Amino acid sequence: MEKEIIIQIQDLEKTFRTKSGDVHALRDINLEIRKGDIFGIIGMSGAGKSTLVRCINLLEKPTAGKVIFDGIDISGLEDAELRKMRRSMGMIFQQFNLLMQKTAEENICFPLEIAGVDKRKAKARAKELLELVGLSDRAKSYPSQLSGGQKQRVAIARALAPNPKVILCDEATSALDPVTTNSILSLLKDINRKLGVTVVIITHEMDVIEKICNRVAIIDSSHIAESGSVEEIFFKPQTEAARRLVYPEGDQLTQFGPVAEQACWRIVFDGNSSFEPVIAGMVLECKAPVNILFADTKNIDGKAFGQIVVQLPEDVDIAERMLKYLRSKNLTVEEVRGYAG
Amino acid sequence: MLDSQMIWLLVQGIGETLYMTLGATLFSYVIGLPLGVILVVCAKDGIKPCLPVYRVLDVIVNLTRSIPFLVLAVWIIPFTRLITGTSIGSTAMIVPLVLAAAPFVARLVESSLLELDKGIIEAAQSMGASNFQIIWKVMLSESKPSLLNGATIAVTTILGYSAMGGFVGAGGLGAIAYNYGYYRYQTDIMLITVILLVIIVQVMQGSGNKLTSHADKRKI
Ligand SMILES: Nc1ncnc2c1ncn2[C@@H]1O[C@H](COP(=O)(O)OP(=O)(O)O)[C@@H](O)[C@H]1O
Ligand SMILES: [Mg+2]
């Protein structure tokens, strides 16, 4: 049974009017985010990701279309109602955006103070949240005394303070090193699991999506190219934009393979096949060598995922036999165009 | 020459100078602080853009700032009289000092508030803060060190203006320097007043810097 929809975006458009003409930052955006999802929105720089996430909590007013949050069309709300609604939608940022003149504890109390919550209650809540994000000993520290990862933890605690239903993350890990990124991502996953908070993650890194998201939308030059479960998009990308993001290394093929006129083939491991040495098996069976141009296999949730790009022999018969062999192993094989030359 | 009468005169001069300077600074902020806030809030990328208000205030601030202080002080004598009942003395001098310094203070406040990272304001908006809360609890509160630094500049500048006021009937050290140094050629007295002014500026600047760095939690 499908979970309830918490955020629904309908025919959303955003056009910025600038001196040098109109910038269509978002066009024809339709998305559904369900309760409890960790929903990734991925795209290249300038694709419109930040604009999209800012339209979700209406920091940016859409030019057209609707944003329905928890059954209410929030694009038509009055200022006062809008402010109240925002308390159920926390947000964290790439640059953390903490109040620099306030301690960690005061930062976490801040959204509660704004909402008029009693000081003592706010402090108790801050204590609880500092514990949740593993910073109980840094309550009195100022942001300048904290590392990037610690700052983001405070920001997460601050976003959680008013008990939001959703947390929006705009490139929340892009300013962090890989190890810290992982720890922040697993914190977000924990929060999602323990508190049931829906998480919307904006990123330009496929890694982030792969690690914690269950659903993903790909945004490419202002529109949604594709959306679906992470597995679907990851292993059967339908659009060029999706392929570029999922297999950015593909571009390198032009540089390193002795890629002649011959076709290249991408073998996709989509978690259904066992992780046996298929290439070796194929070479032995067909008694002809292949040229491996690229290999990137990953272990996700205990299953084998990834891709290998090979150049098959020029002999059409042998190539045909090899493809047959691969397909008999339940692997998806597709011809890769555009890499030769 | 430094008899007890002279010393008493100088002590009185210090008192009057401080009275004018601090009084004028206080009222300049009463007017200039809200003006500076309105300039930032109403600017094109402010939290409540309102270009007509911004443009009008901007022009007024620029106009007032371009009038030389002594010209202003003489020019507004009728207004000063209306407010204080007199046109000479330290209290009367506070009026032109405030009129000259308030726009300057507005610019200082404006530039302090503009230093603030837009992301922090955006974060507050994302939490559902009202514009009033953002001004009070984010913009002013986060800019406190920079505002204090600006206040130090303001108070020392106003001190300089108040000494100039000695030419047009104000009291204080400026008047003493003018009366004794210019009219009676007692350059030693003039030198003493100048030294006293320098010391006052130093003390103000020093304590301002201390306050600023104490208030700033960004560099610890
Ligand atoms: N306030 C603005 N005014 C004009 N153009 C903007 C504004 N904000 C964003 N844009 C433009 O909209 C496009 C999408 O920007 P953004 O949403 O920030 O992209 P991303 O976050 O994916 O890098 C870019 O071309 C950007 O220049
Ligand atoms: Mg962005």
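Side chains included, hydrogens not; waters and symmetry mates left out as well; all remaining heavy atoms used. Per chain, numbering begins at 1; letters A, B, ... match sequence-line order. As the structure is a computational prediction, the values presented were derived from the model and not from experiment.
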Answer with yes or no whether the side chains of B:Thr21 and B:Tyr161 bring together a donor and an acceptor at under 3.5 Å.
no
Approximate separation, where rounding is to 0.5 Å, of B:Cys50 SG and B:Arg55 CZ
10.5 Å
Which atoms of A:Met85 come close to chain B, meaning under 4.5 Å heavy atom to heavy atom: side chain ones, backbone ones, both, or neither?
neither
Per-residue contacts, residues 136-143 of chain B versus chain A, heavy atoms under 4.5 Å:
B:Lys137, B:Val138, B:Ser141, B:Glu142
A:Phe93 atom CZ, neighbour heavy-atom count above 12 within 6.0 Å:
yes
Report yes or no: do A:Thr103 and A:Arg138 form a side-chain donor-acceptor pair below 3.5 Å?
no
Short N-O contact, B:Asp58 and B:Arg107, less than 4.0 angstrom
yes
SB check A:Asp170 A:Lys49 (cutoff 4.0 Å)
no
Count the heavy-atom pairs under 4.5 Å between each of B:Ser130, B:Ala124, B:Ala215 and chain A, then report the option with the highest count.
B:Ser130
Side chain, backbone, both or neither: which part of B:Gln133 has a heavy atom under 4.5 Å from chain A?
side chain
With only heavy atoms counted, which part of A:Lys102 is less than 4.5 Å from chain B, the side chain, the backbone, both or neither?
both
Test: A:Lys84 and A:Glu81 ion pair at under 4.0 Å:
no
Determine whether more than 12 heavy atoms belonging to other residues, nucleotides or ligands lie under 6.0 Å from atom NZ of B:Lys118.
yes
Name the member of A:Pro111, A:Ala155, A:Ala80 that forms the most heavy-atom pairs with chain B at distances under 4.5 Å.
A:Pro111
Please state whether the side chain, the backbone, both or neither of A:Leu58 comes within less than 4.5 Å of a heavy atom of chain B.
neither
Name the region of A:Leu59, side chain, backbone, both or neither, that has any atom closer than 4.5 Å to a heavy atom of chain B.
side chain
dist B:Lys44:NZ -> B:Tyr54:OH (nearest 0.5 Å) comes out at 10.0 Å
